[in-house]
Amino acid sequence: MCGIVAVMAKGSVNQTLYDALTVLQHRGQDAAGIVTCQGGRLFLRKDNGMVRDVFHTRHMMRLHGHYGIGHVRYPTAGSSSSAEAQPFYVNSPYGITLAHNGNLTNTEVLAGEMFRADLRHINTDSDSEVLLNVLAHELQELGKFSLNEHDIFSAVSAVHRRVRGAYAVVAMITGYGILGFRDPCGIRPVIFGEKETEQGTREYIIASESVAITALGFRVIRDLLPGEAVFIDVHGHLSTRQCARDTVYSPCIFEHVYFARPDSIMDSISVYKARMRMGDKLAQHILRRWSGHDIDVVIPIPDTSRTAALQLASTLNVKYREGFMKNRYIGRTFIMPGQSQRRKSVRQKLNPIDLEFQGKNVLLVDDSIVRGTTCREIIQMARDAGARKVYFASAAPAVRFPNVYGIDMPARSELIADGRSEEEIGRLIGADGLIFQQLDDLIASSREGNPQITQFDCSVFDGKYVTGDIDERYLERLQQLRQDSAKQRRKMTLDVGSMGDELMVELHNGS
């Protein structure tokens with residue numbers, strides 16, 4: 001999962017891009033990058049790390065220009081190489097930079113086509129670089145010295161015909177403007193907005209979430225529709241066009257469960273309201289299943305489950321309490337490679353308030369259960385703090401299938417729900433009782449905000465992949481790539497390669 005932003009303004013955009021990326025930091029803490037354009041020259045800064053660590057004053061002063069794009073990333077294949085930090089750049093044609101959120105499902109096929117037919121070299125393992133080169137090739141195929149918006153939309157249409165999977169994209173074409181487009185299923189989110197300056201001119205922003213627009217003083221125009229593109233030229237003229245056929249509105253429901261900020265509006269759905277409805281429906285499910293429950297207190301696992309837990313407690317007419325204090329300087333354990341690192345991080349990240357647990361029957365509420373590592377540790381922490389009984393509720397259904405659309409979930413064999421019943425999972429995590437949200441209730445919670453959306457991508461829960469191109473062979477290969485052991489091997493290879501590069505530099509400098 002990643003965060004993307006593009007800005008077209010009359011003055012310098014470096015600070016606006018930086019501020020937008022800090023608002024989108026929850027979407028990726030592995031790497032960050034910004035590229036701007038002034039007078040036909042590009043100015044790029046990107047590296048591993050949080051936004052505040054990648055960009056210092058000296059870097060910001062070099063990011064000249066009145067339009068640009070930015071990106072925050074966590075790796076969807078377990079890699080943390082700075083070579084895969086975005087945006088990516090290709091010089092021909094025109095000079096194009098691109099940042100991408102999502103995951104292409106036909107990357108290998110496209111990479112082969114790039115080499116054999118398009119005569120383009122791919123330098124990293126990132127599907128975003130492949131996507132950039134597909135766009136560059138389609139623009140080059142136009143054979144035009146000068147571009148207009150119709151040419152750009154034509155190239156995007158050609159991209160849709162070649163590319164499969166999930167992709168929300170911002171790109172910058174040097175000397176022409178900024179471009180945003182979304183896959184034909186609308187799996188990954190992208191939205192755009194505007195602001196009127198004191199001089200009466202308009203400035204524009206494209207971003208992953210509405211909060212990155214409103215927090216910077218822009219007004220939301222709307223979400224991009226599936227398959228739609230928006231282009232803003234260097235003079236501030238905005239154009240949109242539907243560039244794909246056979247679109248099916250299928251946004252990722254896991255955005256509402258976990259990834260998006262609660263103050264965001266996605267596809268006209270309030271994430272906050274959707275999570276409130278999740279809590280209400282989960283409470284109703286508990287009342288049906290555990291009509292004579294003995295729950296004394298509801299305690300959320302910070303932070304994403306807080307909204308659902310508060311509404312759940314209200315519906316159950318049970319006390320709501322904050323039982324865990326969170327260290328905000330520890331990264332998301334969902335993202336961290338390796339079970340031992342995740343276990344250690346959970347203990348460092350959360351500290352129980354013993355008084356809220358002692359002698360009580362506690363219902364812990366989390367947004368979801370993936371590997372089970374986090375909830376197992378937290379349940380034990382609750383017992384150590386003096387809880388008499390510890391129940392556990394998930395605001396989402398059991399995660400039984402891998403995600404192929406840009407969320408770095410573990411291999412299927414590492415999902416705690418793989419091949420197990422609710423009761424078996426409950427015993428494994430050490431809960432006195434476990435309950436999951438029903439999928440129909442989860443869908444209803446989101447769909448109530450926008451009845452025009454008839455389906456969501458719920459593949460991690462039901463194994464139905466909306467792009468229609470995922471088979472067992474693909475999933476088996478994904479299993480091999482995503483196992484923790486495979487990620488550790490790739491990390492060791494990257495570390496050794498980096499050591500070699502540093503040694504080469506030292507030898508060169510010493511000669």
Side-chain angles (χ1 to χ4, degrees), residues 3-14 16-17 19-20 24 34-38 65-71 87 94-101 135 138-139 142 144 146-160 167-184 186 188-244 247 264-268:
I4 57 174
V5 62
V7 177
M8 175 66 70
K10 295 302 178 183
S12 180
V13 295
N14 55 355
T16 304
L17 290 166
D19 292 343
L24 296 172
I34 290 175
V35 61
T36 58
C37 184
Q38 182 181 62
H66 69 97
Y67 61 110
I69 64 175
H71 186 265
Y94 313 110
I96 306 169
T97 51
L98 178 142
H100 160 228
N101 174 31
L135 176 62
E138 297 306 331
L139 284 168
L142 297 172
K144 299 186 70 171
S146 178
L147 293 175
N148 58 40
E149 68 270 22
H150 305 295
D151 300 323
I152 292 166
F153 291 143
S154 176
V156 173
S157 295
V159 170
H160 286 318
Y167 48 97
V169 176
V170 290
M172 181 170 66
I173 306 173
T174 305
Y176 290 95
I178 56 174
L179 168 69
F181 59 94
R182 192 177 187 186
D183 70 76
R188 300 267 71 88
V190 61
I191 189 168
F192 62 104
E194 65 179 359
K195 177 169 63 177
E196 188 169 338
T197 67
E198 294 178 357
Q199 293 74 33
T201 59
R202 292 191 184 278
E203 300 179 341
Y204 294 95
I205 184 171
I206 309 167
S208 293
E209 296 187 30
S210 65
V211 66
I213 294 176
T214 55
L216 273 62
F218 288 81
R219 179 186 68 84
V220 169
I221 298 175
R222 61 178 176 85
D223 298 272
L224 275 182
L225 295 172
E228 189 181 22
V230 57
F231 177 69
I232 302 128
D233 68 22
V234 291
H235 305 294
H237 301 136
L238 182 146
S239 307
T240 62
R241 182 175 298 177
Q242 178 53 255
C243 296
T247 60
S264 281
I265 308 290
M266 285 184 164
D267 299 298
S268 301

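- Residue Ser154 comes nearest to Leu142 through the heavy atom pair OG-CD2, 4.3 Å, listed as atom of the first residue, atom of the second, then distance.
- Residues Thr214 and Ser264 are not in side-chain contact: their nearest non-hydrogen atoms beyond the backbone lie 4.5 Å or more apart.
- Put simply, the side chain of Phe218 reaches to within 4.5 Å of the side chain of Thr16, judged on heavy atoms.
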Step-by-step side-chain contact (heavy atoms from CB on, under 4.5 Å) determination, Thr36 to Val13: CA-CA 8 Å; Thr36 58; Val13 295; 4.0 Å; yes

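- Proximity of Val7 to Glu203: side-chain heavy atoms (C-beta onward) are nowhere separated by under 4.5 Å.
- Ile178 has its side chain within reach of Ile206: a pair of non-hydrogen atoms, C-beta onward, lies under 4.5 Å apart.
- Taking CD from Glu149 and CZ from Arg241, the interatomic distance works out to 7.0 Å, rounded to the nearest 0.5 Å.
- Between Asp223 and Glu228, the closest heavy-atom pair is O-OE1, 4.3 Å.
- At a threshold of 4.5 Å between non-hydrogen side-chain atoms, the residues Leu224 and Val230 count as touching.
- Counting heavy atoms from C-beta on, the side chains of Pro184 and Tyr167 come closer than 4.5 Å.
- Among all heavy-atom pairs drawn from Ala207 and Ala212, the shortest one is CB-CB, 3.9 Å.
- Heavy atoms from other residues, nucleotides or ligands lying under 6.0 Å from CD of Glu198 number 12 at most.
- In this structure, the side chain of His66 does not engage the main chain of Lys10 through any donor-acceptor pair within 3.5 Å.
- Note that the CG atom of Leu147 and the CD1 atom of Ile173 stand 6.0 Å from one another [nearest 0.5 Å].
- Taken to the nearest 0.5 Å, the CZ atom of Arg202 stands 10.5 Å off from the CG atom of Leu238.
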Quick one, Leu179 with Ile152, criterion side-chain contact (heavy atoms from CB on, under 4.5 Å). Give me CA distance, side-chain angles, the key distance, then yes/no. CA-CA 9 Å; Leu179 168 69; Ile152 292 166; 3.8 Å; yes

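- Note that OH of Tyr176 and CG of Asp233 are 11.5 Å apart. Values are rounded to the nearest 0.5 Å.
- With hydrogens and angles disregarded, no donor-acceptor distance shorter than 3.5 Å links the side chain of Tyr67 to the backbone of Thr174.
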Derivation and outcome, side-chain contact (heavy atoms from CB on, under 4.5 Å), residues Phe231 and His150: CA-CA 10 Å; Phe231 177 69; His150 305 295; over 6 Å; no

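- Using a 4.5 Å cut-off on side-chain heavy atoms (C-beta onward), Val5 and Val170 make no contact.
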So Ile265 and Val220, side-chain contact (heavy atoms from CB on, under 4.5 Å) or not? Walk me through it. CA-CA 10 Å; Ile265 308 290; Val220 169; over 6 Å; no

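- Residues Arg188 and Ala168 share a closest heavy-atom pair of CB-CB, 3.9 Å.
- Side chain to side chain, Thr201 and Thr197 meet the donor-acceptor criterion of an N or O pair below 3.5 Å.
- One distance of note links CD1 of Ile4 with CD of Glu209; it measures 11.0 Å at 0.5 Å rounding.
- The two residues His160 and Cys243 have their closest heavy-atom pair at CD2-O, 3.4 Å.
- Evaluated for a side chain to side chain contact (heavy atoms under 4.5 Å, CB included) with Val169, the options Val190, Leu98, Ile69 yield exactly one hit, Leu98.
- No side-chain heavy atom of Phe192 sits less than 4.5 Å from a side-chain heavy atom of Tyr204.
- Remark: side-chain polar atoms of Ser208 are not paired, donor with acceptor, to backbone N or O of Gly3 under 3.5 angstrom.
- Here the CG atom belonging to Asp19 is positioned 11.0 Å from the CG atom belonging to Leu24, to the nearest 0.5 angstrom.
- Ala158 and Glu138 make their closest contact through CB-OE1, 3.3 Å (heavy atoms, listed as atom of the first residue, atom of the second, distance).
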